[in-house]
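Just so we're clear, the structure is a prediction, and the values are computed from it rather than from any experiment. Sequence lines set the chain letters: A, B, ... in the order given, protein chains first and strands last, and positions in each chain run from 1.
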Amino acid sequence: MLVIKNLHAAIEGKKILRGISLEVKPGEIHAIMGPNGSGKSTLAAVLAGRDLAEVTEGSVTYFGRNLLEMAPEDRSREGIFLGFQYPIEIPGVSMVNFLKTAVNEHRKYKGLEPLSASDFLRIMREKKELVDIDSKLANRSVNEGFSGGEKKKNEIFQMAMLEPKLAILDETDSGLDIDALRVVANGVNKLKRPDNSAIVITHYQRLLDYIVPDVVHVLYDGRIVKSAGKELALELEEKGYDWIKKEVDNQN
Amino acid sequence: MLVYDKRKLMETDQDRIINDVTSGDYKYGFYTDIETEKIPRGLNEDTVRLISEKKEEPEWLLEFRLKSFRQWQNMKMPSWANLKIPEIDYQDIIYYAAPRQKPRVNSLDDIDPELKRTFDRLGIPLEEQKHLSGVAVDAVMDSVSVKTTFRETLAEMGIIFCSFSEAVREFPELVRRYMGSVVPYTDNFFAALNSAVFSDGSFCYVPKGIRCPMELSTYFRINSANTGQFERTLLVADEESYVSYLEGCTAPMRDENQLHAAVVEIIAEKNAEVKYSTVQNWYPGDKDGNGGIFNFVTKRGLCRGEGSKISWTQVETGSAITWKYPSCILRGDNSTGEFYSVAVTNNHQQADTGTKMIHIGRNTKSTIVSKGISAGYGQNSYRGLVKVLKNAKDARNFSQCDSLLLGDKCGAHTFPYLEVDNQSAIVEHEATTSKIGEDQIFYCNQRGISTEDAIGLIVNGYAREVINKLPMEFAVEAQKLLQISLEGSVG
Amino acid sequence: MAVNSELTELYSGIYTDNIRRIREGSTSFLNAFRDAAFDRFTTLGIPTRKNENYKYTNLDLFFRHNYKTYFIPDESDFVKAEEFRCDITDLDTHGVVLLNGFYPTINGKIRTLPGEILIGSLNEASRRFPDLVERHYGKYAKSNSDGLVHLNTAMASDGVFVHVPQGSHLNKPVQVINLVDSTEDVFNQHRNLIIVDDNADLTIIICDHTLSPQKFLTNAVTEIYVGENARFNIIRVQNEHNNACKVTHTFIHQGRNSYSSSNNLTLHGGLVRNNTYHFLGGEGAESSSFGLYLSDKWQHVDNLVSVEHAFPNCTSNQLFKGVLDEMSTGAFNGRIFVDPKAQGTLAYQKNNNILLTDDAKMYTKPQLEIYADDVKCSHGATVGQLDENALFYLQSRGIDKREAKLLLMLGFAHEVIQNIGVEALRERIDNLVMQRLKGELSRCASCMVKCG
């Protein structure tokens, strides 16, 4: 569904991604790991269409279409969901209003009628239970005054509402205690269907105890330097990133 | 090799959206072709006498007008506001225009059907059965009140709600006692002008212990060309009473500017509470800044009795220029003043608006929440005074004045004055100015919401605290109005 | 413009009566500014309270008086000036003294310090370094509303001159001690010019003292140029008696990527009005403006701060705090102006005040004028008392209420004091403030005048 070829991107002239190639097929879960500053979040931002990074080379196709030419909202409507590392606060805008607008925009895109208020609230209730989110959160403004854990749970809740084909979770585990981590991971697992995929970006292996990846990639200095099965995550946990850094640096 | 400049794409996109928004149509710009009685242009003592004569006014009121006129002649237009006001020729304005109809309207059948249609189009049906339940309306076109609904129903509870002219005829002692007691004719240039030439407006008196069961509302409509509108509203809430009042206003689209200089006075006696809400949607002029209403208004409430409360809520989206400072004089001990405002300036609109909270009594409290939104070439200033007098022991004030900028050609300004003469006072002012957050827009985009809708959501969220203070029916209106006046105006 | 015509005439009279003597004592360069400045002064006049910027300050009290005015220094007075020693023992500075606005000749009128740094008399500098002075003099001290700036330009003959050439810096701060001392009531108008060239660095401390109990009026203008990448700090310690009125106008003009800070510490004085203008005249410049005022009796302290963001990506910060006791009054008038082209501006402004008595008054007017959209600006102002919760917290730990209040007030003031970069001075000020708040210092430090 997603094919990334030789992707280069820069932020304010500084090269961050230096030729990433990656293919995600329906139903697969890919984990992207790597030390701080390796370009993980930039990759997520480029895929979602954030204009901070400029693509200088390479291509990304999504179901055969040129993803890079699509507006961020259309990427969303086509089924790409980004779980933000730092979810944004929008004061005064209630979660209900926010999500109703989002869900109905998705429906409009697909040629469906907007949901009635009661249908919407019913679905919201179901999804809230599914991801085990406090129902009070829905009455509050988007992310405003949420704790770190609440924000991350809220991302998973939105993912449940929007039912993406490709979820990109950018360090969704960062800043979570073990209980919150479990809630978030369970939510992701419950939302897993045979045909939808996920890219899980993380610094630590512990999230992968709960969300089991098909492939693990190691991103270093803007390139994927190693790809292997889930056992690679354990190896990284044990040995850290230094040995990979050395391996790569020696090659250069 | 693919070189892809996302930023560029976004910019052109946003430019387009800004254009869409700033060319948003004014939906109330039509003109009603109705026979209108007008007096000649110009202003002198004879004009003042003529207006008074047309309204068959008692001698004392004529005297009040003449005193005001003489005062006005010796005054200069204020220049301290952060506004660029073109020269106004006060001799080129028509000071009285009235839709021709029978002098006293007794039933709906006496009202010109064209007038009824006009108010229907504005969403203000004059037939009581058609109207939103629980809202009584005084409909004012140009210089006169056309119809006040639910008058009789309210009268049964002792509540007087009628046009100002009727009040002068039927309750002269009440009018005489209160008129000018909060805004004296000497107060300022526009108040003096209004006191000399005011034509009509609404009058309301809520007797002791009565909670007014419905929203009272005045709808102001300017229709005739070259005409100034000078209405006067007087609201008296007697001890232990409550009333919620709303005013709305619109005008046809014209190339020339029209002057609107109103006076609103509120008196709240012991433990009375008055909520005064405004949804101001006078014609703002076109996108190049031609035409539009000059809205120079003096609004002031006096919390005269102990424990009284006056709350101003305003949503200002219209007018070419707004000069307006709804204020509270907190004379009664334990009295409370509130000011909640959303002011939008788009295209070439200018607004200098805010409030004054004068703490005189002990333990008085005031709250100010002002949300300015500037777009296009709009200039938006908050100007406010919090004054704590020496005897106002334990006075409290909190002010929050935020400005949101959409686009790089507009301006947002904040001019607060805090004057504290009492050590037990706590006065706090906070203000922020920022542009709409790109990260917020992107977050919405990522959830499938278009940039235009995202701005609508974010602006409404930003203004929520104020909108929530409006009566429910009008909150929805105000929200829509906000969206219309700003649709897509981000850069 | 609101003009106090009577006072304006009084001061115009002083000018016309003495212009010949003023010209004689000055260089032709300084004299070249006088006519135009006097013209502007007569139009703008002595500000009244109808002037929006002087809304809360009545200058009448001090301006309506017949002062003696000096136009040529009296050399015999300078002996006393030389004897004056700053009593901050650990404070190691390059000191210079101004007496009644004039620079004493005893040590030569201009000193050259390592790095070709010049310190001395402005009058002398305009003779010996005309190019340098001409490049900057009169370029920054501009005002469309304040006649006093022009009155200074019309009449000023001397003051301090400092030049730090490109890349130079001093190992210790420059300290200017402003003394007023006379057997007569004196009006003085000195003029300082400070030039900090590209990549240079300077810290200057200005201490104001009154040595005799006469009535004094000072109207001082300081022009400061801070070049690209340069750093500059100015700290004013104002310690005058209650019969003295001090009006200062400080114009700081900054170039690209430069930094400047200003700190106005008003510990004592009858009427103090500080006008501090920061002009961020190059991309990436940063400025900080701090102020602390402690007042009692009938004292009046008014600070006007104006920060103009004229270029993109500049940052500014204002923090002014006041503790007002007895019948004193305070005013703060802060302004942030953001030009349409100053995108990426960050600007903050805060003014907090504590009133200690029912007779003390505070007027504050924090203002934002913003014409660019990519900005983050905020301001806050408060007038109130000490936090009751904090007070209780301290008491619950066994600290008695009086002491607890003192601690909280010191903490309140320290937020400003901590920004003083010169350690010895910082400690000294902390100390002075403590004495002041304890009521142990009812008159200015090192002052032999009992004015209380």
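Only the side chain of A:Val142 has a heavy atom closer than 4.5 Å to any heavy atom of chain B. Proximity to chain B involves both the backbone and the side chain of A:Thr101, based on heavy atoms less than 4.5 angstrom apart. At a 4.5 Å heavy-atom cutoff, the contact between B:Tyr462 and chain A is made by backbone atoms alone. Of the two parts of A:Glu89, only the backbone, made up of N, CA, C and O, holds a non-hydrogen atom closer than 4.5 Å to a non-hydrogen atom of chain B. Using a 4.5 Å cut-off between heavy atoms, A:Asn104 makes no contact with chain B at all. Proximity to chain A involves both the backbone and the side chain of B:Asp439, based on heavy atoms less than 4.5 angstrom apart. Residue A:Tyr109: no heavy atom, backbone or side chain, is found under 4.5 Å from chain B. Interface remark: A:Leu82 contributes backbone and side-chain atoms alike to the contact with chain B (heavy atom separation under 4.5 Å). There is no contact between A:Pro164 and chain B, counting heavy-atom distances below 4.5 Å.
A side-chain contact (heavy atoms from CB on, under 4.5 Å) with A:Ile4 holds for exactly one of A:Leu22, A:Leu67, A:Val24; it is A:Leu22. If you run side-chain hydrogen bond (donor to acceptor under 3.5 Å, both in side chains) between B:Tyr325 and each of B:Thr353, B:Asp352, B:Thr355, only B:Asp352 comes through.
With respect to chain B, the highest number of heavy-atom pairs below 4.5 Å among A:Ile88, A:Asn6, A:Ile80 belongs to A:Ile88. The candidate from A:His8, A:Met161, A:His106 with the greatest count of non-hydrogen atom pairs under 4.5 Å with chain B is A:His106.
Between A:Arg18 and A:Glu57, no side-chain nitrogen of the basic residue sits less than 4.0 Å from a carboxylate oxygen of the acidic one, so the salt-bridge criterion is not met. A salt bridge links A:Glu163 with A:Lys127: at least one charged nitrogen is closer than 4.0 Å to a carboxylate oxygen. Remark: A:Glu126 engages A:Arg122 in a salt bridge, criterion side-chain N to carboxylate O under 4.0 Å. Checked for salt-bridge contact, B:Glu338 and B:Lys469 miss the test: no charged N lies under 4.0 Å from a carboxylate O.
Side-chain contact between B:Thr414 and B:Ser403 is present, with heavy atoms from C-beta onward closer than 4.5 Å. The shortest side-chain heavy-atom distance between B:Thr317 and B:Asn346 does not fall under the 4.5 Å cut-off.
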